[in-house]
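Take a look at the structure below.
Every chain is numbered from 1 and lettered A, B, ... according to where its sequence line falls, protein lines coming before strand lines.
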Amino acid sequence: MSTGNPFESASGAAREIKSSDAFRTRQIYNKKVFVERVREMMSQAPLLMKLRFTADVGQVLIKEGANNNSLYIILDGYVAQLKNSFESNAAIDMQGPGDFLGLLSFHTGEPAFTSARASTKVSGLKVNHHEFDEFNSKYPEISKVLQGLVFSNLSERYRRVVTLHIEVDHLSRQLEEERNQLQLTVIELEKTRNRLINQEKMATLGELTAGLAHEINNPASALLRSVDYLIQKLPEMLQKAAEQTDTSMVRFLFDAGTNRDYSDHITHRELVKKFSEKYPHLSRAQVRAITMMNKETYQRIRKYAESPELNDVLNLLIDSYQAGSFMNSIRLSTSRIENLVKSLKSYSRQSGNKPEETDIRNGIRETLMILGNRLREIEVSVNLPEIPTVMCNIGELNQVWTNIIINACDAMKDKGTMEIECGSEGENVFVKISDNGPGVPDNIKSRIFDSSFTTKTAGGDFGLGIGLAVSKGIVEQHNGEIRVGDAPGGGAQFTIYLPAKN
Amino acid sequence: MKQKKSQRPVWLKTAVGLILGIIGFCIPLFVTFTGLSFAGHITLGIFLMAAVFWMMEPIPIYSTSMLVIFLQVAFLSSQSPLFSEAELPGTEIQMVSEEIWSVPASAIGSGDQVFLRIGPRSSEAVEVEIVQAQNDTVLIRGNFEEGAMIVSDAGHRLTGYTPVGFSVFFGTLASPIIILFLGGFMLAGAAVKYNLDKNLTSVLLKPFGTKPMFIVLGLMLVTAVLSAFMSNTATTAMMMTVAIPIAAQVAKEDGFRIMLALSIPIAANIGGMATPIGTPPNAIVISALNAQGINIAFGTWMILALPLVAVLILAAWGIMRVFFPPKIEKFKLDLTSKFQTSPKALMLYFFFGLTVVLWVTEAQHGVPSSMVAFLPIAGLTVTSIMEKEDIRALPWEVLWLVAGGIALGISMENTGLAVWIVSSISWDVMPQIVLLLVFGLVALFMSNFLSNTVTATLLIPLAVSMGTSGIAGDGFNLIISALLIGMACNMAMLLPISTPPNAIAMSTGFIKTGDMIKVGLVIGFVGIGIALILSLFYWPLLV
Amino acid sequence: MSKIYILVVEDEPEVLDVVVRDLSSLEETFPIEMAVSVKEAREIIAEIEENGDKLGLAVCDHVMPGEMGVELMIDMQKQPFTERTRKVLLTGQAGLDATVEAVNHARLNRYIAKPWDPEELVKIAIDELTTYVIEHEKNLLPYLGILDAERLNEVIRSRGTVSDH
């Protein structure tokens, strides 16, 4: 075997172990010994000296497909065997000292199967048919060695072909296996990704629920407690009212209560103070109730407040005012809950997988309503002019708005201003969501939509920080595009483009 | 909705009280009362001011007591600027003929008196008959020794009053009865600290079963027993922590609820009469009698008071049963007692038991109860059962209140003020029983609106002086009248403001003022009645 | 005598109304002040302090526009005037974070979830005010009828704050 053969790889080592047994019995055909012999003979035989050739680096000795009339015996240097069919004319083998070149084409007269090109400076013997015969007859002992060498060379080549076959087969099987493995991994990855996205969705949902709890619990408390109060107070009130000769005042105060507007508490406090001093016979609860009334109501109840004898009537009037105001509270609370439930229903509408023609502004409005709790400390300016409709899955797009708004809230630490506007641009409609948070540094703008990218610390917050990646996926599914830039105020600005319907 | 009461501002009440008090103090400085010594005028000023301050409370009642002592030291002690340099001007009485003497006109005091000059700072009034008045000498008829010195200026500030050292006024804070109280305070403080009171209550209540009426009786008896040795207020507060959880489980309209809340202050007030250390008025009675050289032993007091206490408790129980019949049939008391067993707690039980036994058996061994009182005072501090903070937390102001009362009583007596006040009415026309009834009713009425101690402070010196001066006639018994007034002061339980226990019970909101008045009225009159019966038929056997 | 106030901070007027309504049984003894924002609450606190009165109890919503309830409570904890004020958080939603913060930094005494049980709310208010008056008031008698009489009596007994006279 040639030394320094570039093909000597890991699999080559295995091959050598297999072929070494065959060579051990023919030590005489050792290439090194053969080269030394030939050099020795060359110094004695002028004929051999005549056959000597040298080739420079890059010189082509045999050309693939051409007839070859010479047999080359390499004594020094290396020659690359090239095959055209291989990619970029790659070297398929390398021949070194003691090797033969053009052995097959020389003997069979067929066109050369491969090209041979000097990789280094090469020297050796070049023999044509005539000289080969002459060589044979004049140096029979060398010729004998030569023939042995030729056979050994041929058989080695044969063996190598066979091993290569085996090797190729082995490799391709390995490749196949690895490819299968890879396919499994890809499937697994896809599953994981979906799971992560789902988790992100659930996390958003979690946050929404927490916020919604507050949004619903507030009116629910007011509702519950108002009803409690009415249940407790109404029978007594009705009875007392029935004892009155003139119930018009009771009626008037009840109505005033239902139309109550909530006063400014600072001025209310001053009123309470003034009142307590003016009418010391009134209880605190009475003063508080009276000072909450508007001017007209107060003017009419005044005479009852002024005289301690009319205190019972005053209590009845205050009670009926409060009953009215609790009625009002019940109405307001109920409609708030109703609105909330409505938007929640429409917000989470999945509408199957079929896109439908939608005014995306509704989705944005619902999202803002649902996220109201999170946006309490944020000044949100909304500018949503008329835009063309979009074919989309509104539930999914709501997820996009939610993700971007929550992302902005996180970045602003829930304090600051946010601007949401929409418009149309050629074939597209766009939605711009800007905040005045710290913004997105340029060096991470390109990575911000990667699912592996997050600035959130583990476990510190809702969500996994892949909201933007999810959003990008959703937008792209709608044949749209999502971009991040700088808002005029210095924060981040996300722009979502979606193709308008027609 | 509750009606807010329109109240005059607090500062107005304070201002009116202060001004009236100061006016009261000034009246005797500008008006001269016949028959009252110079020092008597000063004492009258202090008395009027203290009475106004105690009644209207522009300043806390204990600070009025301190003010009283201060004014006495400043104006009435022998070291005061008014008396420190003064000496009685003297002149020898001149005999004109048998039993007729000639004296300077200035020596005749108002009410036809001359003053024998016993020493430079002391004199003695002698009533004389004026025979003939000349320009600057007067002839009088009387029994004098030849060459006797009389006071030449009857209007001198030292006539009719021998100034006492200021330490007499200070000393009231260390008078035996105050020390007796201090001993009681120490025991009660330690008992509270080691939860002895609560544990005793749990144990003592157990035998009273599950019937509401018996539970109430149990609560009353336990309260009375504890309040005989502890302050009525502390006892009430403690018993309320027992009664409130019970009341909370009883239906709102059930009379049992009212009984629970009402029985405790009533029993505490009544129980306070049982021992000398039960309430401060008892201290005023004992100290006033002490000043007359009459000593009432701890055990004797209890024997005198116990029938009254027992009858009143039962009467109150019966009255409440009529007014607030319980509806609930059975109530299971959930009481646990866990006596502490630390060495200090055991020591406390020992001191407590020993002191009470020694007090009750005073008549047998003869050691005065105030001496015995020093056993817990020293014992509980030596053993660190009572520490610095605990001693600080004792109701010292009560001691000051009583001390001020005692001090005022001393001056009322020795300036002749008390006698002067009572002598303006001829009491001897009234039978003794009527006298006692009047005293009892006045005491009962006053103490319902004033502090019981203050009432006793204002009334008892008068009663005592009636006895000592003989104004009220021979049948008047000093001890019985003082006792009766003292007891009457403790029977005030008409209103929430009458006593702190009433205030606590009222504040809990379980009872209405009307409920309290109903029971309070009956107890007051029944109490006075029983006390009168006792003072006619029972007390005279013992004193 | 200086008054002891209750302060209710809640941004939604209807809810504020019912909270005050529920607490109105305490109103005659403990005047109730209402604030719809943390800012207003601060003004009221300053005014109460100026008048020489006390703030015994603060019932505060957490989620409000502008500053959050917990921020107010932390702030109150830092001011000597409101440090001992009993603090109750009344909220429909607060993340665990907000609660932990409130407990740790604002010495939050109680946490009530919306919607609340009115009896529970009053009970908690009574409980907290009882603690407050025990810590701050010498004369406990005026509170016996409205607050926890059992606890107050126990204090009267052990401290001897009222004595015979």
request  = For chain A, find which of C/D61, C/V18, C/D11 contributes the most heavy-atom pairs closer than 4.5 angstrom.
outcome  = C/V18

task = Ignoring hydrogens and angles, state whether a donor on the side chain of A/N328 or C/E14 is under 3.5 Å from an acceptor on the partner side chain.
result = no

request  = Let me know if C/E12 has heavy atoms under 4.5 Å from chain A in its side chain, its backbone, both or neither.
outcome  = side chain

Check: C/D53 side chain, C/K3 main-chain N or O, donor-acceptor pair, under 3.5 Å = yes

ask   = Does C/R151 come within less than 4.0 Å of C/E154, counting only side-chain N to carboxylate O?
value = no

query = Who wins among C/E27, C/E33, C/M68 for the most heavy-atom pairs under 4.5 Å with chain A?
reply = C/E27

note = Highest number of heavy-atom pairs under 4.5 Å with chain A among C/I32, C/V20, C/V19 belongs to C/V20

inquiry  = Any side-chain to backbone donor/acceptor pair from A/S307 onto A/Y304? Under 3.5 Å, distance only.
reply    = no

